[in-house]
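Only one structure is covered here, and it is reproduced in the block below.
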There are 2 protein chains.
Amino acid sequence: MTTSDTARTGEPGRSVSVKDVASTAGVSVGTVSNVLNRPEKVSPATLEHVQRTIEQMGFIRNDAARQLRAGTNRAVGMVVLDVRNPFFTDVARGVELRLGTRGRPLILGSSGQDAERESTYLDLFEEQRVSGLLITPVGKVLPRLRRLRERGTAVVVVDRRTGSREFSSVAVDDVRGGRLGAAHLVESGRQRIAFIGGPRGLTQIRHRLRGIEEVIEAHPGHSVQLVETATMDASAGRLAAEELLALPRKARPDAIFAANDLVALGVLQALTFAGVRVPDDVAILGYDDIDFAASAAIPLSSIRQPREEMGEVATDLLLAAIEDPTAGVRDIVLEPELVVRRSTGG
Amino acid sequence: MTTSDTARTGEPGRSVSVKDVASTAGVSVGTVSNVLNRPEKVSPATLEHVQRTIEQMGFIRNDAARQLRAGTNRAVGMVVLDVRNPFFTDVARGVELRLGTRGRPLILGSSGQDAERESTYLDLFEEQRVSGLLITPVGKVLPRLRRLRERGTAVVVVDRRTGSREFSSVAVDDVRGGRLGAAHLVESGRQRIAFIGGPRGLTQIRHRLRGIEEVIEAHPGHSVQLVETATMDASAGRLAAEELLALPRKARPDAIFAANDLVALGVLQALTFAGVRVPDDVAILGYDDIDFAASAAIPLSSIRQPREEMGEVATDLLLAAIEDPTAGVRDIVLEPELVVRRSTGG
DNA sequence: TTCGCCGATTGAAACCTTTCAATCGGCGAT
DNA sequence: ATCGCCGATTGAAAGGTTTCAATCGGCGAA
């Protein structure tokens, strides 16, 4: 590590307030505030004059004071499970897109699946009095979410359903996703499917598996087995694939359905290393359809989740709840979509 | 899209202030504030009593008021080039880790390489009076950064150098990275290197190329060519690789050095599709060493940039500048590291 | 010329926390 | 019994914006 230094001094320099602008422009603070917030209430001449003064003095509104007065922060908070999973950054992008046009900043936090970090973010958002919260919950946060709502913060649950009908939510139909994938594999002539993902307790895993089973049961001679993993990243996929490779050749699956694309990429790596041909010997199907799926050495077929759309819809729900706190709870379920690429013989 | 509705009403419910706590607990607001901020100044009995009252009443500090009084927001703002590139989320993680332990929230924005979005975030951070700003600049923002600093916001440039010696910065030695990579390729017996990346104007591209050229010049019989791309994502890599595949066989490079891992993944995909064997026919070397590099079908060798460390170091610099605004400007240069995997014959 | 009206402008109050000079109360020393 | 001291507590002021009732000024109508 190399370092180089240079001397330098920085003077804070008191910042310009509406009061300063008002006195310089020769108007009252009320008028300056009107120029800022209701320009149509101000005569054209004054408007022009004050705006020029603001410009010249380099006045920048102090958001803390604004918030204090308003009682609520225009910002929206979001807690995702893991920013390192492109799935969530894409959802967040959808949110940001929608909020940006409404002049509402997004404060994004990643819980990293850790209930404690999640809780820290909730503390922060509570102190900040954010007007809305988007969350994919990890820990037992229902009581806190209730409290937030009592205090006037709108809450929408993303990529989960609360079941309790207390909070609006946006999720994707996982049973359908499982069905779509299984149907595709069966139609491509695969008979023994291994579904890799976990932990088993996750609703999403259970639903997807159920969708797969429905299809399998309708097709005699086909089978599915769950290979459970503790996490859902590439190394989990690698390990699970190695487990399958250890099986006697005839007991091996001819199709692997991964619970997300990261796992699928790990599987692809392990199979490639072992010299197994994809898709000839084994087909691989991912889930989510993150950008990396299309960029894999052998482009991955995947069940596409409408990620940005999920963010957008969640934001719409949230904005509606912010603007009208009496709005009803809504659970929106989006549809997944099959994307066929080379890894399943596309 | 399926929807289901349920009626529900939410009452805002005025929030509890220090004044409320004070009157309920039978003490003054000053004491409540001391309990919150300087508990050692309060007698044990009072402390205990007030804390219990706070708990019971569900008091949550209003951060806007606190900020207003303090004159500055404890939060730190960060503008990265692209949250969808894991490189930046990793840097951000480093930042968050360091800040989290200091009780400072991070407000993260992604400019998406768009000067206008960058500017919108700077507006936001200015209004918020954030105490510090970490930025990988896109547009011409020097005047704004100067203004921010005049107003008392500490500024550190990340993954770039300003050259002007006005702002502290943290970057990685790109010439060195180019040298490391080229040396490795030459040592593995490769002779004709194609360096894929761009646009050519980027300092980082120029520096890395210079490092490569230094090595090539020291090894007669070896050559390097730049294949310029407009962006640095997987599709750019795919296109560039196809361009190379169109060359007569003997003119083709036997090693491809990609300017980042996304490009390298695109290259790997195109070569795999064309039946070119990696690393036997062509070696591929990436840059950054994002997690996906290790998870590729053929694990990618890469020049590892210390991403989290970069975030941590930048944060340390920033915190130092926040705590002591007279601190000098420092340009810190971190060292990259070669990580050998299968794509170059590891 | 005076009155009434209306749009434009004003200025004080409110939002909530933190800070700090001033005050209080208790105790040991004289 | 009184004084002085010290730790604990108090209460008012400050910070910048927004809101809104009150006021101002100008103009048309009577």
Side-chain angles (χ1 to χ4, degrees), chain A residues 12-51 53-54 57-75 103 126-131 151-152, chain B residues 12-51 53-54 57-75 103 126-131 151-152:
Chain A
R14 267 269 296 93
S15 108
V16 182
S17 75
V18 274
K19 204 181 291 182
D20 301 329
V21 173
S23 71
T24 303
V27 298
S28 73
V29 292
T31 299
V32 177
S33 178
N34 282 336
V35 168
L36 256 24
N37 303 300
R38 281 100 100 217
E40 75 283 359
K41 296 263 168 200
V42 180
S43 75
T46 313
L47 182 64
E48 160 79 13
H49 174 58
V50 173
Q51 279 174 338
T53 310
I54 285 175
M57 301 183 72
F59 165 77
I60 303 269
R61 215 206 237 94
N62 182 329
D63 197 52
R66 195 235 274 264
Q67 269 179 50
L68 175 57
R69 181 67 240 253
T72 171
N73 189 336
R74 287 187 59 74
E126 256 182 301
E127 291 197 353
Q128 300 256 336
R129 305 286 195 272
V130 293
S131 44
R151 290 210 157 84
Chain B
R14 268 269 295 94
S15 107
V16 182
S17 74
V18 273
K19 203 182 291 182
D20 302 328
V21 173
S23 70
T24 302
V27 298
S28 73
V29 293
T31 299
V32 177
S33 177
N34 281 336
V35 168
L36 258 23
N37 305 300
R38 280 102 98 217
E40 76 283 359
K41 297 261 166 201
V42 180
S43 75
T46 314
L47 184 63
E48 159 80 11
H49 174 57
V50 173
Q51 279 173 338
T53 310
I54 285 175
M57 302 184 72
F59 166 78
I60 302 269
R61 214 207 237 94
N62 181 329
D63 196 52
R66 193 236 273 263
Q67 266 178 52
L68 176 58
R69 182 69 240 255
T72 173
N73 190 335
R74 287 188 59 75
E126 257 181 301
E127 291 197 353
Q128 300 255 335
R129 304 287 194 273
V130 293
S131 44
R151 291 210 156 84

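Labels below follow one simple rule: chain letters A, B, ... track the order of the sequence lines, proteins then strands, and each chain is numbered from 1. Only heavy atoms go into these numbers, but all of them, side chains included; no hydrogens, no water, no symmetry mates.
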Determine: side-chain N/O of [X] to OP1/OP2 of [N], distance under 4.0 Å, yes or no.
X: A:R38; N: D:dT19; result: yes
X: B:S33; N: C:dT18; result: yes
X: B:R69; N: D:dA13; result: no

Sequence-distant partners of A:T46, side-chain contact (heavy atoms from CB on, under 4.5 Å), two or more places apart
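With sequence neighbours excluded, A:T46 shows a side-chain contact (heavy atoms from CB on, under 4.5 Å) to A:V27, A:T31, A:V42, A:S43, A:V50, given in chain and number order.
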By side-chain contact (heavy atoms from CB on, under 4.5 Å), which residues pair with B:T53, not counting sequence neighbours?
B:V21, B:T24, B:A25, B:H49, B:M57
Rounded off to whole Å, could you give me the [atom1]-to-[atom2] distance for the [X] and [N] pair?
X: A:I54; N: D:dT17; atom1: CD1; atom2: C1'; value: 13 Å
X: B:D63; N: C:dC15; atom1: CG; atom2: P; value: 19 Å
X: B:N73; N: D:dG16; atom1: CG; atom2: P; value: 15 Å
X: B:N37; N: C:dC16; atom1: CG; atom2: P; value: 17 Å
X: A:D20; N: D:dG16; atom1: CG; atom2: P; value: 8 Å
X: B:R61; N: C:dC15; atom1: CZ; atom2: C1'; value: 17 Å

In short, the helix from C:dT1-D:dA30 to C:dT30-D:dA1 is bent end to end, axes from five pairs each side, to 10°, by 60°
Go through the structure and list residues passing salt bridge (Lys or Arg N to Asp or Glu O under 4.0 Å) with B:R61, not counting sequence neighbours.
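If we apply the salt bridge (Lys or Arg N to Asp or Glu O under 4.0 Å) test to B:R61, skipping adjacent residues, the hits are A:E127.
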Can you name the salt bridge (Lys or Arg N to Asp or Glu O under 4.0 Å) partners of B:R66, sequence neighbours left out?
B:D63
Any residue meeting side chain to side chain donor-acceptor pair (under 3.5 Å) with B:Q51, in chain and number order, not counting sequence neighbours
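For B:Q51, no residue satisfies side chain to side chain donor-acceptor pair (under 3.5 Å) once neighbours in sequence are set aside.
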Just to verify, what does B:S23 make a side chain to side chain donor-acceptor pair (under 3.5 Å) with, not counting sequence neighbours?
none
Output every pair passing salt bridge (charged side-chain N to carboxylate O under 4.0 Å, His left out) with a member in residues 34-50 of chain B, not counting sequence neighbours, ordered by first then second residue.
B:E48-B:R52
Summarise how protein sits on nucleotides 6-12 of chain C as a single string, 5' to 3': B when a protein heavy atom is under 4.0 Å from the base, S for sugar-phosphate-only contact, - for no contact.
--SSBBB
Can you find a heavy atom in the side chain of B:V32 that is under 4.5 Å from one in the side chain of B:K19?
no
